[in-house]
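Remarks on the structure that follows.
In what follows, every chain begins at residue 1, and chains take the letters A, B, ... in the order their sequences are listed. Atom set for the values below is all heavy atoms of this structure, side chains included, hydrogens, waters and symmetry mates excluded. Computed from a prediction, not measured in an experiment: that's the story for all the values here.
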Amino acid sequence: MTVTRFAPSPTGFLHIGGARTALFSYLYAKGRGGQFLLRIEDTDRERSTQAAVDAIFEGMAWLGLKSDFPEIYQTRRFDRYAEVIEQMLAAGTAYRCYCTREELDAMRAEQQARKERPRYDGRWRPEPGKTLPPVPAGVPPVVRFRNPAEGQVLLRDLIKGEIVFDNRELDDLIIARADGVPTYNFCVVVDDMDMGITHVIRGDDHVNNTPRQINILKALGATPPQYAHVSMILGGDGQKLSKRHGALGVMEYRTMGFMPEALLNYLVRLGWSHGDQELFTREEMMAKFDFDHVSASPARFDMEKAWWVNHQYLKATDPAVIAPEFEWHLRRIGIDPAQGPALTAVIEQQRERCRSLVEMAEKSRFFFEELSGYNEKDAAKHLSAKAAPVLSALLEALAGPDWQPEALHAAVHGVAERLGLKLGDVAQPLRVALAGMAVSPPIDQTLFLLGRRRSLDRLQAALVRATG
RNA sequence: GCUCCUAUCGUCUAGAGGCCUAGGACGGAGCCCUCUCACGGCUUAAACCGGGGUUCGAAUCCCCGUAGGAGCGCCA
């Protein structure tokens, strides 16, 4: 069975690149009847925070990327790591190194001065016939992996293709610090092995770690998983995203007005394609996602296209599904959703003209709250003195009929006909009177949703303004 | 410096040697529709990084440049 994992380190929010990696992992496993798990890589206790852990859960939950297991924390697996390190020490695939940080720093500096690639020189690496330096007093040792000195490592990456690494390029990395805490490259290997991960899907900044991890896995007698290294996402300007430069947490996309499925759809198409298809339901993504069509090169995040996708979702999704998210946005800008028409009805009428839920909430305010005033430009144009007869005719015509879209439509058209005006000359003043601005859903729908009482009151107020 | 990766319209991409006069989508321009804003429909401009090979034939395979990027921690 396919088992994938998303393994973020909790040092910040869940950003867009992480979300895409998580999505790919999730889709690949779930589309094959497999399992997906979330693992928190918190071995760096200096930088890991609970707030970041919470932010990651929150982001994953909003996106609907559910783990099939309770989340796993590496810090709770220290006993297991210690056990494996002991095994490796006993087997001779790892050894203790008594170099101090100062020694290592000096080594690196010298190598860089000689324009060489910095690497551990193996001074504590046991070799047949080699005499190791005397163990210094008072230096707690680190444990290093004894990487094979010869040969090559072949990585068959599902995205990048075959990559060959020479073992001579790889040095003996530290797998346990002097204080006994194991390091990332080691924990990952043990976890992936223990958890039966079949496909490691992660950012391509890890490509260079992979041969080391494969070597450790082999030293442990395990079969390496398949790897898929996903390229990163660049900002719209082609620059790398960072905290300083445009990197946003997924929850900020919620605040901006994205639907979670829409964000997911945009993200899945960023670097992956399925012919010419642009829009996918969650089920389609799961069924169709594969690594044969994932691009190896980095992609830019194009906000315009992301909005387009969001708009497509707003237009096509069942309003009942959108409603809770819409309500969240209404409340966020201080609107009480109870003080107006049914949200599903408002969504139905507004979604054609809104690319974001923020836009929808703002454009729908007049349905839920009394008008705080008119857009002055629109009022000047449509509520001038010459609008007065139109408004009073409307007041009269709308007093009678059933408050249903068809009857309201007929009433407005009737006024235009009677006064010998184009529909626009009647609908626009009416629109500004009702909405406070010259933009709203079709006029009959606007009237209908706003209700008789509010409509007539606002018409009356507009008439006062036009005459006065 | 060394190792590794990447390269098709402005952007996301299709393209598995002939189906390519390089397709789609976003964005742009224009037209139509129209009670506003939109939606929608139609039309249009816009790309194979450069140079060498391989081949009857290359966007596609190989090599070399060039340009971007990643990594080289007792970080992950």
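With B/U3, B/A70, B/C35 as the candidates, the nucleotide lying closest to the side chain of A/Met232 is B/A70. Nearest nucleotide to the A/Val439 side chain, out of B/G71, B/U36, B/C5: B/U36. Side-chain proximity of A/Pro298 to the nucleotides B/U3, B/U6, B/C5 is greatest for B/U6. Out of B/C39, B/U3, B/C26, the shortest distance to the side chain of A/His311 is found at B/C39. Residue A/Asp44 has its side chain nearest to B/A76 when only B/A70, B/C35, B/A76 are considered.
Comparing the C1' positions of B/G51 and B/A14 gives an interatomic distance of 27 Å, to the nearest angstrom. Nucleotides B/U54 and B/G17 have their C1' atoms positioned 11 Å apart, rounded to a whole Å. Using atom P as the reference point in both B/G65 and B/A46, the two lie 34 Å apart (nearest Å). For the P atoms, the distance linking B/A38 with B/C31 amounts to 15 Å, nearest Å. Using atom C1' as the reference point in both B/U34 and B/U21, the two lie 38 Å apart (nearest Å). B/C62 and B/C5: their P atoms are spaced 12 Å apart (whole Å). Comparing the same atom, C1', in B/G52 and in B/C19 gives a spacing of 28 Å after rounding to whole Å. Look at the C1' atom in both B/U13 and B/A59: the space between them is 14 Å, to the nearest Å.
Nucleotide B/C2 holds its P atom 15 Å from the CZ atom of A/Arg114, rounded to whole Å. Distance A/Met303 CE to B/U11 P: 17 Å, rounded to the nearest Å. Look at NZ on A/Lys115: it is 19 Å from P on B/C72, rounded to the nearest Å. As rounded to whole Å, 11 Å separates atom C1' of B/C12 from atom CD1 of A/Ile233. Taking atom CD of residue A/Glu348 and atom P of nucleotide B/C39, one finds them 17 Å apart after rounding to whole Å. Following rounding to the nearest Å, A/His229 (NE2) and B/G71 (P) show an atom-to-atom distance of 12 Å. The interatomic distance linking A/Asn208 (CG) with B/G69 (C1') rounds to 12 Å, in whole Å. Distance CG (A/Asp425) to P (B/U34): 16 Å, rounded to an integer number of Å.
At a threshold of 4.0 angstrom between heavy atoms, the contacts of A/Asp378 with the nucleic acid are absent. Among the heavy atoms of the strands, none lies under 4.0 Å from A/Gly236. Note on A/Ser440: a base of the nucleic acid sits closer than 4.0 angstrom, heavy atoms only. Among the protein residues, A/Arg300 comes within range of the sugar-phosphate backbone only, with heavy atoms under 4.0 Å from sugar or phosphate atoms but none that close to a base. Residue A/Glu41 is in sugar-phosphate contact alone, with no base atom involved, counting any heavy-atom pair closer than 4.0 Å across all strands shown. Nucleic acid contact class of A/Ala299 (heavy atoms, under 4.0 Å, all strands): sugar-phosphate only. Within 4.0 Å (heavy atoms only), A/Lys422 reaches no atom of the nucleic acid at all. Using a 4.0 Å heavy-atom cutoff across all strands shown, A/Ser231 reaches no nucleic acid atom at all. Note on A/His274: nothing from the nucleic acid sits closer than 4.0 angstrom, heavy atoms only. Using a 4.0 Å heavy-atom cutoff across all strands shown, A/Leu270 reaches sugar-phosphate atoms only and no base atom. Base contact: A/Pro441 has a heavy atom under 4.0 Å from a base atom. Base engagement by A/Cys99 is indicated by at least one non-hydrogen atom pair under 4.0 Å involving a base atom. Contacts of A/Ala296 with the nucleic acid, taken as non-hydrogen atoms under 4.0 Å apart, involve only primed sugar atoms and P, OP1 or OP2. Among the heavy atoms of the strands lying under 4.0 Å from A/Glu169 are primed sugar atoms or P, OP1, OP2 only; no base atom is included.
For the pair A/Glu162 and A/Lys305, nearest-nucleotide mapping onto RNA chain B gives the more 5' position to A/Glu162. Place A/Pro8 and A/Arg351 on RNA chain B by their nearest nucleotides, and A/Arg351 ends up nearer the 5' end.
The shortest distance between the side-chain N/O atoms of A/Thr183 and the OP1/OP2 oxygens of B/C74 is not below 4.0 Å. For B/C74, the OP1/OP2 oxygens have a side-chain nitrogen or oxygen of A/Arg108 closer than 4.0 Å. Applying the 4.0 Å criterion to OP1 and OP2 of B/G27, one finds that A/Arg355 has a side-chain N or O inside that range. For B/C35, neither phosphate oxygen OP1 nor OP2 lies less than 4.0 angstrom from any side-chain nitrogen or oxygen of A/His382. Here A/Lys315 reaches the OP1 or OP2 of B/G40: one of its side-chain N or O atoms lies under 4.0 Å away.
Across all strands shown, B/G57 forms no Watson-Crick or G-U wobble pair with both distances under 3.5 Å. Base-pair partner of B/A67: B/U6 (Watson-Crick or G-U wobble, both distances under 3.5 Å). The partner of B/G1, taking Watson-Crick or G-U wobble pairs whose two distances both stay under 3.5 Å, is B/C72. Pair check for B/C42 finds B/G30; Watson-Crick or G-U wobble, both atom distances under 3.5 Å. Judged by Watson-Crick or G-U wobble contacts below 3.5 Å, the nucleotide B/A25 has B/U11 as its partner.
The distance from the CG atom of A/Leu155 to the NZ atom of A/Lys160 is 10.5 Å, given to the nearest 0.5 Å.
No donor-acceptor distance shorter than 3.5 angstrom exists from the side chain of A/Tyr81 to the backbone of A/Thr183, with no hydrogens or angles considered. A donor-acceptor contact shorter than 3.5 Å links the side chain of A/Asp42 to the backbone of A/Thr75.
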Pair A/Thr11, A/Arg47 - check side-chain hydrogen bond (donor to acceptor under 3.5 Å, both in side chains), show working. CA-CA 6 Å; A/Thr11 55; A/Arg47 299 197 301 162; 5.4 Å; no
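For A/Gln277 and B/G24, a side-chain-to-base donor-acceptor distance below 3.5 Å is absent, hydrogens and geometry of angles not being considered. With hydrogens and angles left out, the side chain of A/Asp205 and the base of B/G71 share no donor-acceptor pair within 3.5 Å. Judged by atom type and distance alone, A/Arg353 does not reach the base of B/C39 through any side-chain donor-acceptor pair under 3.5 Å.
Taking the centre and axis of the six-membered ring of A/Phe145, the NZ or CZ atom of A/Arg212 falls outside the cone set by 45° and 6.0 Å.
B/C39 shows a glycosidic angle within 90° of 0 and is accordingly assigned syn.
Contact check for A/Pro8 versus A/Leu14: no side-chain heavy atoms found under the 4.5 Å cut-off. Put simply, the side chain of A/Phe367 does not reach to within 4.5 Å of the side chain of A/Arg454, judged on heavy atoms.
When the options A/Arg123, A/Arg144, A/Arg125 are evaluated for a salt bridge (charged side-chain N to carboxylate O under 4.0 Å, His left out) with A/Asp172, the one that passes is A/Arg125. For the ring-ring contact (aromatic ring centres under 6.0 Å, His included) criterion with A/Tyr28, the lone passing option out of A/Trp272, A/Phe6, A/Phe291 is A/Phe291.
By the 30° and 60° cut-offs, the orientation of the rings of A/His274 relative to A/Phe280 is perpendicular.
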